[in-house]
Engineer: 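Shown below is the structure under consideration.
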Number of protein chains: 2
Amino acid sequence: MTSLTDLAKLSGFSKATVSRALSGNGYVSFEARKIIQDLANELDYTPNAIAQELAFGTTKNIGVVLPYVKHPFFSQILEGILDKSFETGYKIVILPSNYDQNLELQYLEQLRKKAFEALIFTSRKISEETVLNYQKYGPIILCHNPKSKTISASYAEREIGYRDAFQWLKKQNCTNVGFLFSRYKSPTTSVTLQTYTETYQQMVRPEQIKTGAVFSTDGYKLGPELTQFDSIFANSDDIAANVWCWFEENKLPKPIIIGQEALIAGKLLKLPSVDNHFLQIGRLAFELAISKEIKQLAIKSEFILHR
Amino acid sequence: MTSLTDLAKLSGFSKATVSRALSGNGYVSFEARKIIQDLANELDYTPNAIAQELAFGTTKNIGVVLPYVKHPFFSQILEGILDKSFETGYKIVILPSNYDQNLELQYLEQLRKKAFEALIFTSRKISEETVLNYQKYGPIILCHNPKSKTISASYAEREIGYRDAFQWLKKQNCTNVGFLFSRYKSPTTSVTLQTYTETYQQMVRPEQIKTGAVFSTDGYKLGPELTQFDSIFANSDDIAANVWCWFEENKLPKPIIIGQEALIAGKLLKLPSVDNHFLQIGRLAFELAISKEIKQLAIKSEFILHR
DNA sequence: GTGAAAGCGCTAACAA
DNA sequence: TTGTTAGCGCTTTCAC
């Protein structure tokens with residue numbers, strides 16, 4: 001491991017000159033530059049990234065907190081983030097959370113320690129208030145509609161897509177919609193139920209709500225609990241497809257099934273779907289992370305019927 | 001931003017004592033420790049991660065080179081890697097490559113610069129030789145069967161699963177198999193063709209090979225080129241499902257379609273599939289990355305018929 | 001054009 | 001138990 005100091009000693013120039021010669025900042029004579037560069041090549045020298053970061057006072061790391069990786073929601077956002085990060089020289093560090101508050105807090109602490117320049121929460125369990133308190137250590141971006149207006153966010157404005165979906169369900173004379181969620185309490189859950197209530201002008205009964213739908217196969221597992229409904233509003237196409245599959249295998253008449261994210265599995269079965277444009281949301285989240293402004297960007301969801 | 005130096009000055013103790021008091025390494029009197037800790041809390045002090053890394057001489061970063069993110073192959077490996085990294089305190093940095101050799105080289109250079117402690121290539125385009133040359137800068141793990149035995153790898157031993165699949169195809173009297181690949185030249189491509197040749201005892205004709213199958217929808221796009229075959233061997237379930245879909249929509253008789261990775265889309269359509277166990281491969285790749293040994297681990301693929 | 005020196009923030013060996 | 005000192009590797013200001 002040759003260091004800049006080594007080069008300085010061996011070449012006879014000072015560390016400053018060597019640094020200038022190699023970085024291209026500041027004046028160095030042609031001869032000196034040539035000597036130093038040749039020596040650097042010969043000794044297989046390369047500047048140490050950590051030392052540079054310390055001297056510059058900043059890593060080019062952005063942390064992305066993801067509850068799960070395979071979930072379409074998160075993998076789409078991630079893809080959007082990578083899309084954009086790519087051109088900028090920032091590194092994306094994946095921080096798996098599994099909705100563990102302690103973990104989420106650890107990641108916030110790492111932001112404080114300057115392990116990251118910014119943090120993107122694709123979702124969170126920890127209180128919004130706690131997150132707000134960490135903003136002083138660096139930009140934090142949320143991927144849902146925050147209560148506070150003083151934190152950056154890029155999120156799906158789901159109301160529009162949901163409203164269109166529910167109106168369509170209404171037109172199909174569905175009166176008993178079953179809902180599939182990952183968690184009982186979450187921004188997604190509440191916005192779904194609220195939009196339903198507004199569209200249908202009636203409250204959702206507790207029996208209509210089924211939780212624990214996280215991975216594709218959960219749709220299959222939950223099948224037995226869904227026979228009473230005339231329609232199902234699932235939280236992703238993959239899960240919707242699994243529900244479909246359960247009914248098919250049990251030779252039961254299928255309810256109308258609506259998915260989300262416009263994925264391949266849903267397309268195959270021609271299930272209606274709400275596309276929340278998470279790719280775009282990820283892209284915007286990254287841009288917010290490297291910008292100095294605090295802004296909130298809403299992306300309108302879209303109900304897709306025939307694909 | 002309070003630094004350790006600030007704490008030292010304000011508390012009247014030396015930097016060394018402050019460091020010891022806060023890190024817990026070495027002897028510090030109760031009183032001193034209390035004073036320092038209180039002051040640290042009061043001033044909202046936290047050690048700077050970059051400075052620590054420099055002092056320790058190492059980041060806890062592992063870079064993972066991924067050509068694409070949404071591809072099932074890569075997202076499964078990634079999930080396996082995260083699975084394991086999770087318990088260890090290592091951070092996983094995603095490095096999108098899109099099979100760009102320059103990019104891949106840049107990532108190797110970053111390893112050299114100590115931006116990462118180890119590098120995992122889930123796939124690569126750059127020559128194996130080049131990669132070998134960078135091993136002196138840190139552990140590098142490949143996710144395919146390398147020619148050289150002096151580099152670590154965790155990979156799918158696809159032969160077994162492929163052989164079973166081709167034997168089964170043979171039993172179904174398929175004589176004209178179409179192959180879907182992402183790239184024409186790749187380790188996957190060659191092992192597939194070779195296993196086929198061995199099982200069928202005949203060469204693959206160039207017309208049997210279709211490339212450019214990367215994303216799910218590519219299966220649909222390639223549909224028109226596949227009508228001549230009595231069976232299709234696709235490079236993933238998602239792509240296989242899309243092929244299925246194209247035939248269905250065009251009301252054409254379907255060939256036998258075999259997918260890979262045992263994904264939901266394939267399960268829905270009851271397509272046979274070769275499960276390459278990429279999750280496990282990812283887990284092992286991570287363990288190799290943090291171990292000091294050079295080892296090669298092969299995971300046997302599995303042909304799955306009825307799911 | 002070049003170099004000395006200070007600084008980035010922390011750790012650790014060695015004395016005291 | 002605590003402080004002194006050197007060091008991690010690089011950047012940058014400011015004289016010369």
Side-chain angles (χ1 to χ4, degrees), chain A residues 1-37 39-40 43-61 89 109-117 137-138, chain B residues 1-37 39-40 43-61 89 109-117 137-138:
Chain A
M1 294 300 90
T2 26
S3 69
L4 185 139
T5 312
D6 298 337
L7 284 190
K9 281 184 191 141
L10 291 169
S11 67
F13 289 98
S14 70
K15 293 192 340 180
T17 306
V18 175
S19 173
R20 270 180 249 128
L22 296 173
S23 70
N25 298 336
Y27 294 113
V28 176
S29 69
F30 271 153
E31 304 86 47
R33 164 163 286 130
K34 172 134 183 45
I35 294 174
I36 293 171
Q37 282 177 341
L39 190 62
L43 296 180
D44 194 29
Y45 166 81
T46 195
N48 178 308
I50 312 175
Q52 283 183 318
E53 286 177 350
L54 179 61
F56 285 133
T58 166
T59 80
K60 279 249 191 179
N61 282 356
E109 280 295 328
Q110 297 200 33
L111 174 69
R112 179 164 162 231
K113 287 190 71 166
K114 300 219 165 297
F116 312 114
E117 245 166 70
Y137 305 117
Chain B
M1 295 299 90
T2 27
S3 70
L4 185 139
T5 312
D6 299 336
L7 284 190
K9 280 182 194 145
L10 291 170
S11 68
F13 289 97
S14 72
K15 292 191 339 178
T17 306
V18 174
S19 173
R20 268 180 252 131
L22 297 173
S23 70
N25 297 337
Y27 294 111
V28 176
S29 69
F30 269 152
E31 302 86 50
R33 165 163 285 130
K34 171 131 184 47
I35 294 174
I36 293 171
Q37 281 178 342
L39 190 62
L43 296 180
D44 193 31
Y45 166 82
T46 195
N48 179 309
I50 312 174
Q52 284 183 318
E53 286 177 349
L54 179 61
F56 285 134
T58 166
T59 81
K60 279 250 189 178
N61 282 355
E109 280 294 328
Q110 298 200 33
L111 175 69
R112 182 167 159 227
K113 288 190 70 167
K114 301 222 165 292
F116 312 114
E117 243 168 70
Y137 305 118

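Keep in mind that the numbers below use all heavy atoms, side chains included, and drop hydrogens, waters and symmetry copies. Note that this is a predicted model, so its numbers are computed, not measured.
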Engineer: Looking at the side chain of N25(A), which of dC10(D), dG9(C), dT12(D) is the nearest nucleotide?
Structural biologist: dT12(D)
Engineer: Kindly give the heavy-atom pair with the smallest separation between M1(A) and Y137(B), and that separation in Å.
Structural biologist: CE-CD2, 4.3 Å
Engineer: Strictly below 4.0 Å: does Q52(A) bring a side-chain N or O up to OP1 or OP2 of dG9(D)?
Structural biologist: no
Engineer: Tell me: CG of L4(B) to P of dG7(C), nearest whole Å?
Structural biologist: 16 Å
Engineer: Between the side-chain atoms of R20(A) and the base atoms of dG3(C), is any donor-acceptor pair under 3.5 Å?
Structural biologist: yes
Engineer: Sub-3.5 Å donor-acceptor pair from the side chain of R112(A) to the main-chain atoms of Y45(B), do we have one?
Structural biologist: yes
Engineer: If only side-chain N and O atoms of Y45(A) are considered, is one of them under 4.0 Å from the OP1 or OP2 phosphate oxygen of dC10(D)?
Structural biologist: yes
Engineer: Has the side chain of S19(B) got a donor or acceptor atom that lies under 3.5 Å from a matching backbone atom of K15(B)?
Structural biologist: no
Engineer: From CG of L22(B) over to P of dC10(C), roughly how many Å is that when rounded to an integer?
Structural biologist: 9 Å
Engineer: Take the protein atom CD of E53(A) and the nucleotide atom P of dG9(D), then report the distance between them rounded to whole Å.
Structural biologist: 15 Å
Engineer: Which one, dT12(D), dT1(D), dC10(C), comes nearest to the side chain of S29(B)?
Structural biologist: dT1(D)
Engineer: Examine dT11(D): is either OP1 or OP2 under 4.0 Å from a nitrogen or oxygen in the side chain of S19(A)? Give yes or no.
Structural biologist: yes
Engineer: Whole-Å distance between dT2(C) P and F13(A) CZ?
Structural biologist: 6 Å
Engineer: Considering only dC10(D), dT2(D), dT4(D), which nucleotide approaches the side chain of A16(B) most closely?
Structural biologist: dT4(D)
Engineer: Output the distance between atom CD1 (I50(B)) and atom OG1 (T58(A)), rounded to the nearest 0.5 Å.
Structural biologist: 6.0 Å
Engineer: F56(A) has an atom CZ; how far is it from atom P of dG7(C), in whole Å?
Structural biologist: 19 Å
Engineer: Are OP1 or OP2 of dG3(D) and a side-chain N or O of T17(B) less than 4.0 angstrom apart?
Structural biologist: yes
Engineer: Which whole-number value in Å describes the distance from D6(A) CG to dG7(D) C1'?
Structural biologist: 13 Å
Engineer: To the nearest angstrom, how far is I35(B) atom CD1 from dT1(D) atom P?
Structural biologist: 15 Å
Engineer: Below the 4.0 Å mark, does dG3(D) have OP1 or OP2 next to a side-chain nitrogen or oxygen of S14(B)?
Structural biologist: yes
Engineer: Would you check if the side chain of T2(B) reaches a backbone N or O of L43(B) as a donor-acceptor pair within less than 3.5 Å?
Structural biologist: yes
Engineer: Can you work out whether E31(B) or T5(A) has the more 5'-proximal nearest nucleotide on DNA chain D?
Structural biologist: E31(B)
Engineer: Go nucleotide by nucleotide along DNA chain D from the 5' end; which of A32(B) and L54(B) gets its closest nucleotide reached first?
Structural biologist: A32(B)
Engineer: To the nearest Å, how far apart are K15(A) NZ and dG1(C) P?
Structural biologist: 24 Å
